Amino acid sequence: MGDVQKAMTLLINSFSKYAGKEGNKNTLSKAELKELLQNEFGDLLGKASDPAALDRIFKELDRNQDNSVDFNEFGKMVFCLTVMCHEHFVGKK
Ligand SMILES: [Ca+2]
C-alpha cells in the first residue's frame, strides 16, 4: 500500500473512531469533534479546550449547518490544514 493510501485509510479510521462514540456514527457532534481535535491535532487548530475556540472551529467546519460534521466537511478541514502545512514547509525557507 502506498503512503498516501495509508494516510487516507488512517484518516477514515480516525474519523469513524470519534464519530462512532455517540449518536450518528457517520457524523461528529461538537463533543466528538473536541475529542478528535485534542487527541489527533494537539494545538494545531488552537485550543479545543477553549469553548469559544471550539464553537468557532465547529461553525467553520459545519458548512451545511446541520449541527454535525460529516466526513465531507471533515475532509475539507484536513485538506486545508495539509495545504497550510505544505506552505509552511515549502514556502518559508
Ligand atoms: Ca454538517
Side-chain angles (χ1 to χ4, degrees):
M1 207 193 281
D3 283 344
V4 174
Q5 200 180 345
K6 270 187 227 157
M8 290 192 300
T9 307
L10 267 176
L11 208 55
I12 293 165
N13 287 345
S14 318
F15 181 85
S16 305
K17 186 169 110 190
Y18 293 95
K21 285 185 188 259
E22 61 173 33
N24 191 329
K25 286 184 176 10
N26 298 315
T27 60
L28 294 168
S29 66
K30 200 181 282 184
E32 288 167 341
L33 178 73
K34 181 184 172 186
E35 252 187 89
L36 186 153
L37 291 176
Q38 283 179 328
N39 295 339
E40 309 293 335
F41 288 93
D43 285 340
L44 193 60
L45 274 174
K47 293 254 185 281
S49 51
D50 171 4
L54 181 68
D55 268 2
R56 211 170 49 236
I57 295 165
F58 190 81
K59 261 194 192 151
E60 189 84 17
L61 292 180
D62 183 19
R63 309 246 167 160
N64 64 359
Q65 300 181 331
D66 65 351
N67 220 26
S68 62
V69 172
D70 59 25
F71 190 74
N72 183 14
E73 291 165 334
F74 174 71
K76 281 183 183 134
M77 171 191 81
V78 175
F79 181 71
C80 288
L81 282 172
T82 308
V83 171
M84 270 166 49
C85 287
H86 179 257
E87 281 169 1
H88 180 75
F89 285 115
V90 176
K92 292 167 194 165
K93 284 213 163 148

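Worth saying up front: this structure is predicted, and the values here are computed from it rather than measured.
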Steps toward side chain to side chain contact (heavy atoms under 4.5 Å, CB included) verdict (F58, V69): CA-CA 8 Å; F58 190 81; V69 172; 3.8 Å; yes
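Under a 3.5 Å cut-off, the side chain of N72 and the backbone N or O of K76 do not form any donor-acceptor pair. Of the possible polar contacts, one joining the E32 side chain to the E22 backbone as a donor-acceptor pair under 3.5 Å is found. In this structure a side-chain-to-backbone donor-acceptor pair under 3.5 Å is missing from E73 to T27.
Shortest non-hydrogen contact noted between D62 and D66 is OD1-OD1, 3.0 Å. Closest of all the heavy-atom pairs between F15 and D70 is CZ-C, 3.6 Å.
Only one option out of T9, D3, L10 pairs with K6 in a side-chain contact (heavy atoms from CB on, under 4.5 Å); it is D3.
Between I12 and F71 there is a side-chain heavy-atom pair separated by less than 4.5 Å. L37 places a side-chain heavy atom less than 4.5 Å from the side chain of L54. D55 is listed as a side-chain neighbour of K30, based on a closest heavy-atom distance under 4.5 Å.
Annotation: the span from L33 atom CG to Q38 atom CD amounts to 10.0 Å, rounded to 0.5 Å. Note that CG of L11 is 10.0 Å distant from CD of E40, once rounded to the nearest 0.5 Å. Atom CZ of residue F41 and atom OG of residue S14 lie 8.0 Å apart, to the nearest 0.5 angstrom.
No single ILVMFWY cluster, assembled from side-chain heavy atoms under 4.5 Å apart, contains both M77 and M8.
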